[in-house]
Amino acid sequence: MMKYIKAIVCSLILVSTLAQAEESTLDKAKVGAQKLWEKTKTTTSEIADTTAEKASEFGEKASEFGSKASKNAKETGTVVWDKMKEAGTATADGARKGASKIRSLAGQEDCEKDSTSCSKNKE
């Protein structure tokens with residue numbers, strides 16, 4: 001019987017040691033999981049901040065580019081409009097000179113007042 005009691009006591013000591021070792025392992029796993037979770041949260045936060053900064057920088061650059069493109073388009077449009085006005089003026093002047101030349105060759109005195117082909121240059 002003494003052998004059985006010694007065996008039971010040794011078994012209890014062994015089971016107690018194993019239980020403590022298992023609790024220690026679980027505690028280590030829990031601490032490791034908490035550290036991993038903290039690192040994950042920190043990394044996710046850093047990624048979100050970096051993404052927001054880059055998006056802001058990209059937005060600013062896109063805005064600057066759009067502004068430059070708009071300014072260039074406006075300047076180009078102004079130049080084109082001015083050239084079109086000059087061309088229109090030159091065309092009108094050329095037409096007036098041509099009509100005047102035709103009138104002088106055709107003898108303006110013989111034309112009727114209301115005739116389209118013989119109307120006088122009012123400018």
Side-chain angles (χ1 to χ4, degrees):
M1 179 92 161
M2 194 64 135
K3 286 186 176 184
Y4 291 116
I5 294 175
K6 283 184 181 180
I8 290 174
V9 170
C10 287
S11 296
L12 287 175
I13 291 172
L14 182 62
V15 169
S16 171
T17 305
L18 289 175
Q20 287 177 354
E22 188 175 319
E23 285 179 21
S24 175
T25 304
L26 288 174
D27 287 341
K28 287 180 183 178
K30 181 179 175 183
V31 169
Q34 287 174 337
K35 286 181 180 179
L36 178 63
W37 176 246
E38 289 300 319
K39 285 182 182 179
T40 302
K41 287 192 316 186
T42 302
T43 303
T44 303
S45 177
E46 289 172 357
I47 290 171
D49 291 344
T50 303
T51 302
E53 286 176 18
K54 293 300 179 185
S56 178
E57 288 175 15
F58 179 75
E60 288 173 7
K61 288 181 182 179
S63 177
E64 289 173 11
F65 178 76
S67 178
K68 287 179 184 177
S70 174
K71 182 180 176 187
N72 289 343
K74 184 177 179 182
E75 289 173 358
T76 302
T78 301
V79 169
V80 169
W81 179 249
D82 289 344
K83 294 299 180 185
M84 291 297 288
K85 288 192 299 186
E86 288 175 16
T89 301
T91 302
D93 288 344
R96 285 186 204 102
K97 288 178 183 175
S100 176
K101 182 74 171 179
I102 291 172
R103 274 189 228 109
S104 68
L105 293 175
Q108 181 68 29
E109 303 83 29
D110 297 339
C111 291
E112 297 178 15
K113 254 187 175 180
D114 295 333
S115 174
T116 311
S117 62
C118 295
S119 65
K120 293 186 179 181
N121 187 1
K122 296 180 181 177
E123 293 181 21

- prompt: Donor-acceptor pair, S63 side chain versus G59 backbone, under 3.5 Å?
  reply: no
field: Salt-bridge present (K35, E38; N to O < 4.0 Å)
entry: no
N/O donor-acceptor pair under 3.5 Å between T78 side chain and K74 backbone: yes
task: Give a yes or no on whether the backbone of K41 and the side-chain of S45 come within a donor-acceptor separation of less than 3.5 Å.
output: no
Inter-residue atom distance L36.CG - K39.NZ, 0.5 Å rounding: 7.5 Å
- prompt: T44 side chain to T40 main-chain N or O, any donor-acceptor pair under 3.5 Å?
  reply: yes
query: Nearest 0.5 Å, what's the CD-NZ distance between E64 and K61?
result: 8.5 Å
field: T91 OG1 to M84 CE distance, which is reported to the nearest 0.5 Å
entry: 9.0 Å
